[in-house]
Every structure is written in structure tokens, then in C-alpha cells.
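Just below is one structure, and these are the notes that go with it.
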Amino acid sequence: MAEKITPRNVDYSRWYTDVILQAKLADYSPVKGAMVIRPNGYAIWEMIQQNLNRMFKETGHENAYFPLLIPESFMHKEAEHVEGFSPECAVVTIGGGEKLEEPLYIRPTSETIIWSMYKKWIMSYRDLPILINQWANVLRWELRTRLFLRTSEFLWQEGHTAHATYDEAEEETKLILNIYKKFAEEFLAIPVIAGKKSDAEKFAGALHTYSIEAMMQDKKALQAGTSHNLGQNFAKAFDVKFQDKDGQLQYVWATSWGVSTRLIGALIMTHGDDNGVVIPPKVAQKQVVIVPIWRGEEEKKQVLAYADEVRTELRKEFNVILDDREQFKPGYKFAEWELQGIPLRLEIGPKDVAKDGMVLVRRDTLKKDFVAKAGILETVRQTLNLMQKEMLERARQFQQQNTHQVDDYVEFKKIIEEQGGFLNSHWCGDPDCEAKVKADTKATIRNIPFDQKAEKGKCIVCGKESEGRVIFAKAY
RNA sequence: CGGGGCGUAGCGCAGUCUGGCAGCGCACCUGCCUUGGGAGCAGGGGGUCGGAGGUUCAAAUCCUCUCGCCCCGACCA
């Protein structure tokens with residue numbers, strides 16, 4: 001614990017790893033590319049699950065669970081799908097000591113197994129829509145892995161819906177992306193840009209893909225959630241038809257959408273500082289820690305009794321820890337809880353007891369304030385609300401300050417190279433121009449924002465007519 | 001897959017060149033003492049030196065083979 005975190009300006013990616021390991025969010029596992037999510041990290045995931053689950057259910061979705069193993073033949077039914085995923089799949093070939101007749105793929109995503117079931121369940125338009133979500137693990141064989149951002153096995157939710165019309169599927173796709181955006185901003189305090197993926201960046205087998213993109217502190221983009229309109233591709237591959245009101249047989253329209261434990265990485269890289277992780281109050285399972293300070297038995301008794309009263313009061317509404325461990329001094333405890341990102345700390349010593357108050361410290365600003373014991377519940381409530389709001393605001397300002405409008409390709413390359421960030425530039429829609437930017441700068445089109453202004457312009461690469469600006473950035 | 005580095009206590013490392021008691025820091029355990037920003041002192045536990053083979057009176061150290069991991073370059077949430 002006495003280890004120091006590598007400062008962000010020395011080595012950002014080492015900082016990231018240091019924070020995760022030292023804050024006990026996760027640890028490396030014996031299996032290459034796989035990680036262990038420790039209680040501190042899993043607590044954040046549980047908060048993500050809890051809130052997204054509520055939002056999904058409020059919009060009519062239900063949870064279900066489909067198998068981990070997928071018959072090989074299923075994977076091959078949708079051409080683009082298998083092409084996109086085959087290289088990164090793990091395959092089970094032996095079971096019960098016998099070579100399997102048909103190899104079983106460990107799911108990289110569940111479209112195929114789910115649509116094989118939808119075929120059984122969908123007969124008529126009366127069976128639609130089907131709005132199912134599942135919380136699951138998936139596996140993709142990754143070469144370069146990083147804790148939370150890219151691991152071979154990861155946790156996510158995947159929604160898979162079936163609809164009678166294109167419009168309905170499209171509406172669903174956008175509804176979900178909107179939920180993701182709202183969740184990222186209101187709960188994780190991460191401002192995101194919602195938009196449409198270019199064809200080069202879309203999901204294998206989708207008609208089109210929408211995403212939310214966030215900016216990390218190193219100004220690189222991170223895709224934080226995706227939502228796909230799959231059209232009729234999977235319905236055709238699995239022959240899923242329904243009879244409409246007029247008695248006509250039609251293929252079903254599909255969507256799929258997901259967010260993963262990668263969101264935890266986004267949270268760390270959006271809000272963390274050189275002292276550790278900073279958890280937004282709304283996704284912190286433990287919101288307040290009380291650190292008592294005393295000298296000698298008499299003070300100890302007095303301080304602990306007082307601290308216990310404060311804890312009891314706060315517990316009416318919050319999850320509070322009273323850190324009365326004897327083997328550590330207050331300074332050590334301050335550092336430890338800051339490392340773990342607990343939003344609020346209350347320091348209570350003899351001086352505070354005498355003044356009928358305590359010192360309140362916000363994790364994001366590290367500012368100390370003396371507050372009265374009377375009304376402490378309301379004080380904490382207000383402070384947490386304010387902190388939540390200001391964290392989003394701060395991140396939004398950072399994103400805006402590092403977003404550049406650029407109309408000249410030389411300048412474009414210079415900014416990408418020297419400053420990074422989001423580049424708001426015109427693009428004609430030609431995949432070749434997109435590929436050239438990637439080859440020249442490693443930046444890709446993150447998405448075409450929904451709130452893109454209709455603005456005539458010239459493509460940053462080829463100079464041809466463009467209808468609007470897109471977001472270019474280097475990405476994780 | 002191409003390039004680089006590393007495997008010695010839970011973690012981080014020294015020792016390897018030049019063979020000869022397996023060490024240091026942190027963490028851990030016990031006791032004392034401390035407590036408003038990562039305390040101090042004393043004592044203690046903990047090792048198939050990644051693995052196999054070889055050379056030698058003697059191998060963490062020399063030789064051969066092997067396994068694994070990390071970092072940097074082409075794909076992905």
C-alpha cells in the first residue's frame with residue numbers, strides 16, 4: 001500500500017494500471033488476457049447493472065439467459081458475422097473426453113444462438129416485439145489486453161430485440177442509445193457524443209451501428225456503448241418469419257446493443273487523479289467514510305461515540321464506513337480511501353467534537369470544509385449531489401476544450417500529432433478518405449454525431465462536397 | 001506473428017559477469033509506542049532461485065533444451 005501511483009503526466013497507461021491494482025478494482029489472473037474483478041471493481045459493476053436494469057425495464061425490456069456454447073454451424077449462418085468474429089473465437093472440441101461431433105464456440109456475442117430460438121418463438125405479428133436483454137460473459141481472443149478496456153473474457157449486457165418493421169427496429173436502436181447516453185452522463189458523469197458509425201467501423205452483420213463516444217484524460221476516444229440495427233440479416237440467416245396482419249409472411253427486423261465492464265475503465269480514465277480513482281456518488285456503493293482521530297483512551301472513547309452518532313444518522317440514507325482500525329494512523333487512512341475513490345470523507349477528532357462539527361472532504365476537489373453536526377444528513381446529501389453535477393461539468397469542459405474544428409488536412413495532421421483530442425472535420429462519406437486518415441494519423445472516425453449541423457463543406461482529405469462534420473480521434 | 005526485456009519470499013528487486021552460508025525493501029505476525037496527510041523501535045515467520053537435463057567436490061550463478069510472462073508495432077467493445 002505504501003507504493004506510489006505513477007503520476008498521469010509521467011506515464012498515463014502506467015497510471016491507469018497502478019490505480020486499478022492499488023485501488024483493488026481488479027487483478028491479473030493466471031490466464032493470459034483474463035482479469036479478476038475484485039470487490040471494489042465489482043461494486044461499480046453492480047451499480048451499473050442496477051441502474052441500467054431499471055432503465056431497460058422501464059422501457060419494456062425483460063432479462064433472460066442463453067447458453068455460453070454455440071454450435072459451429074450457427075456461427076457460419078450469417079456470412080459477415082462469422083467473418084468478423086471467427087479469428088477471435090475460442091472453440092471447444094472435446095467434451096467428456098470425446099472429440100465432439102460439432103465444435104462448440106464460446107460466445108463472442110449471442111446473436112446466433114438467440115435468433116435460433118427466436119425462430120421457434122415467433123409465428124405472428126402478435127408475438128412481436130420481443131425485447132430481451134441478458135447479462136453475461138463473452139469471450140474474444142485478444143492479443144493486446146488491458147484491464148477493463150480489453151480483456152479476452154468480459155462482462156456485459158446484450159439486448160436482442162425482434163420487431164415487425166424497420167422503423168420499429170430503428171426506433172429501438174435509438175431509444176437504447178439514448179438510455180446509454182443518459183446513463184453515462186447522469187450516473188457515470190461521463191459526457192458522450194452519440195452518433196452513427198461509419199461503415200468501416202460498424203458491427204459485422206449490422207445495417208448500421210450507433211455509438212456513444214467519450215474522451216479520456218489523455219484525449220483519446222473510448223467507445224462506451226453501441227447499438228445496432230441488424231435489419232433482416234439474422235432473420236434471413238435463421239429463417240425467422242412472421243405472419244403480418246394481412247396474412248403475409250415477412251422476415252423479422254432485429255436490433256442488438258450492449259455496454260460492458262469497459263465502462264469501468266472509462267470511469268477511471270475520466271475522473272481519476274494522481275491519488276487514485278474517483279467514483280461519482282451515484283455509482284459509489286460506499287459513499288461516505290468516517291475517519292476518527294484520537295490521542296489516548298479518553299479521547300478515543302469520546303470520538304468514537306460521537307462518530308457513531310454521525311454514522312447512525314447518515315445510514316438513514318447512505319452507505320457509511322466508520323474506519324476505526326487501530327493499526328493505521330489517520331494519514332494512512334486518508335490516502336487509502338482516496339485511492340479507492342470513496343466520494344466523501346468525514347474527519348472527526350477531539351477539536352471537531354468540541355465544536356459540534358466535523359471536517360468534510362470531497363474526493364474530487366480534495367477541499368476540506370468544517371461542517372456542523374446538526375443537519376449533517378442534509379449537508380452530505382447536498383454535497384454528493386453537487387459533486388455529481390460538477391464532475392460531469394468538469395469532464396464536459398475538458399471534452400469541449402479538446403475538440404477542434406479543422407478544415408485543413410495539414411493542420412489536421414498537426415493537431416492529431418501534437419495535441420490529440422476530437423477533430424471535428426468534414427468528410428465526404430468515401431471509405432477511401434477515411435482509410436487514408438487512418439493510415440496517415442491512426443485516427444479514425446469515431447462517429448457521425450446526431451447533432452451534426454447541416455453544413456456544406458469540403459472533405460478534409462479529398463476536397464469533395466460534404467454534408468457535415470464527423471468526429472475524428474485516436475481511440476482505445 | 002516481428003523487435004525488446006524478464007523469471008530468486010505475497011509484491012518489488014539485488015546476487016549471475018568471476019561457481020562456495022540465498023539476501024534487501026515493502027507487506028505479513030507478536031509486543032511496546034503512536035494517531036489532524038502514507039509513524040517509530042524490538043523480535044519473528046515465510047524460498048522446489050520458472051522447469052528438465054548436463055558440467056563440477058560444489059550450480060541461483062557455467063552449458064543445452066524447454067515453459068511462461070511483460071513491453072513496443074498489424075485487428076477489436
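All values below were derived from every heavy atom in this structure, side-chain atoms included, with hydrogens, water molecules and symmetry-related copies excluded. No experiment lies behind these values; they were computed from the predicted model shown.
- Of the residues in residues 185-202 of chain A, not one places a heavy atom less than 4.0 Å from an atom of RNA chain B.
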A:F450 and A:Y210: CA distance, side-chain angles, deciding distance, ring pair (Phe, Tyr, Trp, His ring centres under 6.0 Å) verdict: CA-CA 10 Å; A:F450 289 145; A:Y210 299 119; 5.3 Å; yes
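- Not a single donor-acceptor contact under 3.5 angstrom links the side-chain atoms of A:E336 to the base of B:G38.
- A cation-pi arrangement is absent between A:K329 and A:Y332 under the rule of less than 6.0 angstrom and at most 45 degrees off the ring axis.
- Side-chain contact between A:R446 and A:K197 is present, with heavy atoms from C-beta onward closer than 4.5 Å.
- B:C28 and B:G45 have their C1' atoms separated by 9 Å, given to the nearest Å.
- For the segment residues 430-447 of chain A, the set of residues with a heavy atom within less than 4.0 Å of an atom of RNA chain B comprises A:K442, in numerical order.
- Here A:F412 and A:F472 bring their ring centres to under 6.0 angstrom of each other.
- Candidate nucleotides B:C76, B:G36, B:A39 were compared by shortest atom distance to the side chain of A:K351, and B:G36 ranks first.
- In this entry the distance linking CD of A:Q327 with P of B:U34 reads 17 Å, nearest Å.
- For the salt bridge (Lys or Arg N to Asp or Glu O under 4.0 Å) with A:K174, the qualifying choice from A:E170, A:E171, A:E172 is A:E170, the only one to do so.
- For the pair A:L177 CG and B:A77 P, the computed distance is 15 Å after rounding to whole Å.
- B:G12 and B:G50: their P atoms are spaced 14 Å apart (whole Å).
- Between A:K329 and B:G36 there is a side-chain N or O to OP1 or OP2 distance below 4.0 Å.
- Base pairing annotation: B:C65 forms a Watson-Crick or G-U wobble pair with B:G51, both donor-acceptor distances under 3.5 Å.
- Straight-line distance between the C1' atoms of B:A58 and B:G20: roughly 7 Å, to the nearest whole Å.
- B:C13 and B:C1 are spaced 28 Å apart, taking the P atom of each and rounding to whole Å.
- Residue contacts for A:P292: at a heavy-atom cut-off of 4.0 Å it reaches no nucleic acid atom on any strand shown.
- Applying the salt bridge (Lys or Arg N to Asp or Glu O under 4.0 Å) test to every pair with at least one member in residues 280-301 of chain A, sequence neighbours left out, gives these pairs: A:K300-A:E326.
- Of the P atoms belonging to B:G47 and B:G15, the separation is 23 Å, rounded to the nearest Å.
- Comparing B:G36, B:G37, B:A39 by their closest approach to the side chain of A:Y332 singles out B:A39.
- For the C1' atoms, the distance from B:C6 to B:C11 is 16 Å, rounded to whole Å.
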Derivation of the side-chain contact (heavy atoms from CB on, under 4.5 Å) call for A:L346 and A:V291: CA-CA 6 Å; A:L346 297 172; A:V291 178; over 6 Å; no
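- Base-pair partner of B:G2: B:C72 (Watson-Crick or G-U wobble, both distances under 3.5 Å).
- Spacing between atom CD of A:E297 and atom P of B:C32 amounts to 12 Å, rounded to whole angstrom units.
- The neighbour count for A:Q419 CD, taken as heavy atoms of other residues, nucleotides or ligands under 6.0 Å away, is above 12.
- A:I293 places its CD1 atom 15 Å from the C1' atom of B:A39, with the value rounded to the nearest Å.
- Here B:U35 is the nucleotide among B:G37, B:G36, B:U35 with the atom lying nearest to any side-chain atom of A:W294.
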Considering only nitrogen or oxygen atoms on both sides, find all protein atoms under 3.5 Å from nucleotides 69-72 of chain B and state each distance.
| unit_1 | atom_1 | unit_2 | atom_2 | d |
| --- | --- | --- | --- | --- |
| B:C70 | OP2 | A:K32 | NZ | 3.3 |
| B:C72 | OP2 | A:R144 | NH1 | 3.3 |
| B:C72 | OP2 | A:R144 | NH2 | 2.5 |

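- The side chain of A:T226 has B:A77 as its nearest neighbour among B:A77, B:A39, B:G37.
- For the C1' atoms, the distance from B:G2 to B:C57 is 46 Å, rounded to whole Å.
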N/O contacts under 3.5 Å, protein versus nucleotides 5-7 of chain B?
none

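- Base pairing of B:G12 is made with B:C24, judged by Watson-Crick or G-U wobble geometry with both donor-acceptor distances under 3.5 Å.
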Less than 3.5 Å apart, which donor and acceptor atoms pair up between the side chains of residues 181-191 of chain A and the rest of the protein, not counting sequence neighbours?
| unit_1 | atom_1 | unit_2 | atom_2 | d |
| --- | --- | --- | --- | --- |
| A:K181 | NZ | A:E185 | OE2 | 3.2 |
| A:K181 | NZ | A:V192 | O | 3.2 |
| A:E185 | OE2 | A:V192 | N | 3.0 |

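- Taking only distance into account, the side chain of A:R295 never meets the base of B:G36 through a donor-acceptor pair shorter than 3.5 Å.
- Between the side chain of A:K368 and the base of B:G37 there is at least one donor-acceptor pair of N/O atoms closer than 3.5 Å.
- Listed nucleotides B:A77, B:C76, B:G36 differ in distance to A:R150; the shortest reach to its side chain belongs to B:C76.
- Distance check, rounded to the nearest 0.5 Å: CD of A:Q285 to CD of A:Q287 gives 9.0 Å.
- Annotation: A:E62, atom CD; neighbour count of heavy atoms from other residues, nucleotides and ligands within 6.0 Å does not exceed 12.
- The closest side-chain heavy-atom distance from A:R107 to A:L69 is not below 4.5 Å.
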Steps toward ring pair (Phe, Tyr, Trp, His ring centres under 6.0 Å) verdict (A:W257, A:F56): CA-CA 12 Å; A:W257 28 274; A:F56 293 154; 5.1 Å; yes
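- Shown are A:W45, A:F66, A:F154; of these, the ring pair (Phe, Tyr, Trp, His ring centres under 6.0 Å) with A:W135 is made only by A:W45.
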